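Everything below concerns the one structure shown next.
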2 protein chains.
Amino acid sequence: MSTDTSTESGLNLQPFESPCCVPAEGKDILQAEEAELLASHFKALSDPNRLRILSIVSANKDSETCVCDLPEPLGLKQPTVSHHLKILVEAGLLHREKRGVWAYFSVVPGALESLSAALVAKK
Amino acid sequence: MSTDTSTESGLNLQPFESPCCVPAEGKDILQAEEAELLASHFKALSDPNRLRILSIVSANKDSETCVCDLPEPLGLKQPTVSHHLKILVEAGLLHREKRGVWAYFSVVPGALESLSAALVAKK
DNA sequence: TGCGTATATCGACGTTTGTCAATCTCTGAC
DNA sequence: GTCAGAGATTGACAAACGTCGATATACGCA
């Protein structure tokens with residue numbers, strides 16, 4: 001990266017080479033794979049209707065939430081709700097249990113907490 | 001949902017109507033506006049390259065990070081990096097300070113922590 | 001067996017997103 | 001004033017996303 005600066009040893013003021021700051025790479029930086037994984041989790045949380053689904057489901061901790069209760073408060077049609085639920089389940093945030101014809105959902109214990117911790121403990 | 005139930009007026013016991021669970025709405029559920037706001041923040045975190053930018057910037061806390069250092073470790077072109085930086089700034093996660101020709105970025109104090117808290121304190 | 005219902009899946013559509021080449025704006029140096 | 005470089009903006013494009021109607025699947029009941 002140095003062109004022909006004669007005295008490169010002692011001086012730290014560079015004419016045009018690296019005038020701003022240090023590269024800051026190769027250290028304990030979030031790697032591409034980890035970033036991809038973490039981003040996929042946040043993507044599951046990046047839709048307002050999915051956040052509201054999580055809120056509703058986590059509101060009744062004792063009794064699980066069934067799908068049939070979600071379309072009305074959300075103002076969404078049943079296929080759309082099913083689509084969002086699938087995304088939340090695949091993200092590991094919701095647990096699906098099918099009993100008979102009905103499907104009941106509950107928040108996976110510790111899932112939100114671990115995501116929350118990843119936010120503050122970001123390297 | 002009701003086909004041809006003759007007496008639809010006063011009765012609240014439904015033969016096939018609500019067999020699963022309670023509606024669980026109208027309580028302390030995440031409202032649409034709050035959900036929209038929260039989702040917009042998580043959307044800023046839902047891209048792996050933006051997470052890596054946050055990681056790099058937060059890695060050198062003392063000295064801020066300049067834009068010119070980001071394209072190389074990320075493998076992105078300068079306009080793309082600028083685009084992601086804009087999203088992070090508008091989400092309130094990064095602070096931009098332009099000194100001369102260069103722009104330096106730093107993590108907004110408490111921004112990630114407040115998001116992290118919203119995750120576990122979800123109603 | 002056959003019917004009604006709850007949920008999942010499919011297909012389509014408009015919208016949003018990530019990326020980059022090209023260009024513009026601004027600043028410092030000569 | 002002129003020039004060079006840093007970074008922001010624009011426009012374009014493919015890919016991904018959210019939504020919903022239509023349909024399929026699975027289960028309980030008579």
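For clarity, every value in this text was computed on a predicted model and none was experimentally measured. The sequence lines fix the lettering, A, B, ..., with proteins before strands; numbering per chain opens at 1.
Between the CG atom of L51(A) and the C1' atom of dG18(D) there is a distance of 14 Å, given to the nearest Å. Between L85(B) atom CG and dA6(D) atom C1' the separation is 13 Å, expressed in whole Å. The distance from atom CD of E97(B) to atom P of dA8(D) is 13 Å, rounded to the nearest whole Å. Rounded to whole Å, the distance from CD on E36(B) to C1' on dG18(D) is 12 Å. Rounding to whole angstrom units, NE2 of residue H84(A) and P of dA8(C) are separated by 13 Å. Rounded to whole angstrom, the span from the CG atom of L70(B) across to the P atom of dT19(C) amounts to 13 Å. Here dT15(C) presents its C1' atom at 13 Å from CG of D47(A), a figure rounded to the nearest Å. One interatomic measurement links the two molecules: CD1 of I53(A) to C1' of dT7(C), which rounds to 14 Å at whole-angstrom precision.
Screening residues 92-109 of chain B for salt bridge (charged side-chain N to carboxylate O under 4.0 Å, His left out) gives E64(B)-R99(B), E97(B)-R99(B) as the qualifying pairs, with residues at least two apart or on separate chains. Screening residues 35-54 of chain A for side chain to side chain donor-acceptor pair (under 3.5 Å) gives R50(A)-H84(A) as the qualifying pairs, with residues at least two apart or on separate chains.
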For nucleotides 25-28 of chain C, tabulate all protein N/O to nucleotide N/O atom pairs closer than 3.5 Å, reporting atom names and distance.
none

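Among all heavy-atom pairs drawn from P73(A) and I56(A), the shortest one is CG-CD1, 4.0 Å. Taking all atoms of both residues into account, the shortest heavy-atom contact from V89(B) to F105(B) is CG2-CE2, 3.7 Å. The two atoms that bring P71(B) and V67(B) nearest to each other are CD-O, 3.0 Å, heavy atoms only.
Of the residues in residues 86-95 of chain B, those with a non-hydrogen atom less than 4.0 angstrom from any atom of DNA chain D are K86(B). Contacts with DNA chain C (heavy atom under 4.0 Å) in residues 74-81 of chain B: L76(B), K77(B), P79(B), T80(B), listed by number.
Judged by distance alone, the side chain of S82(A) and the main-chain N or O of Q78(A) form no donor-acceptor pair under 3.5 Å.
Within 4.0 Å (heavy atoms only), H83(A) reaches at least one base atom of the nucleic acid.
Between R96(A) and the phosphate of dT7(C), there is no side-chain N or O to OP1/OP2 separation shorter than 4.0 Å.
Checked against dA8(D), dA8(C), dT19(D), the side chain of N49(A) finds its nearest nucleotide in dT19(D). Between dT19(D), dG7(D), dT17(C), one nucleotide has an atom nearer to the side chain of K43(B) than all others, and that is dT17(C).
By the salt bridge (charged side-chain N to carboxylate O under 4.0 Å, His left out) test, E33(B) pairs with no residue at all, sequence neighbours left out. Residues satisfying the side-chain hydrogen bond (donor to acceptor under 3.5 Å, both in side chains) criterion with S116(A), sequence neighbours excluded, are S116(B). Listed by chain and residue number, P79(A), T80(A) satisfy the side chain to side chain contact (heavy atoms under 4.5 Å, CB included) test with K77(A) (two or more places apart in sequence, or in another chain).
In this structure, the side chains of L93(A) and V107(A) stay at 4.5 Å or more apart for every pair of heavy atoms. Residues L38(B) and L45(A) form no side-chain contact, since every pair of their non-hydrogen atoms from C-beta on lies 4.5 Å or further apart. Residues I53(B) and T65(B) have side chains not in contact (no heavy-atom distance under 4.5 Å, counting atoms from C-beta outward).
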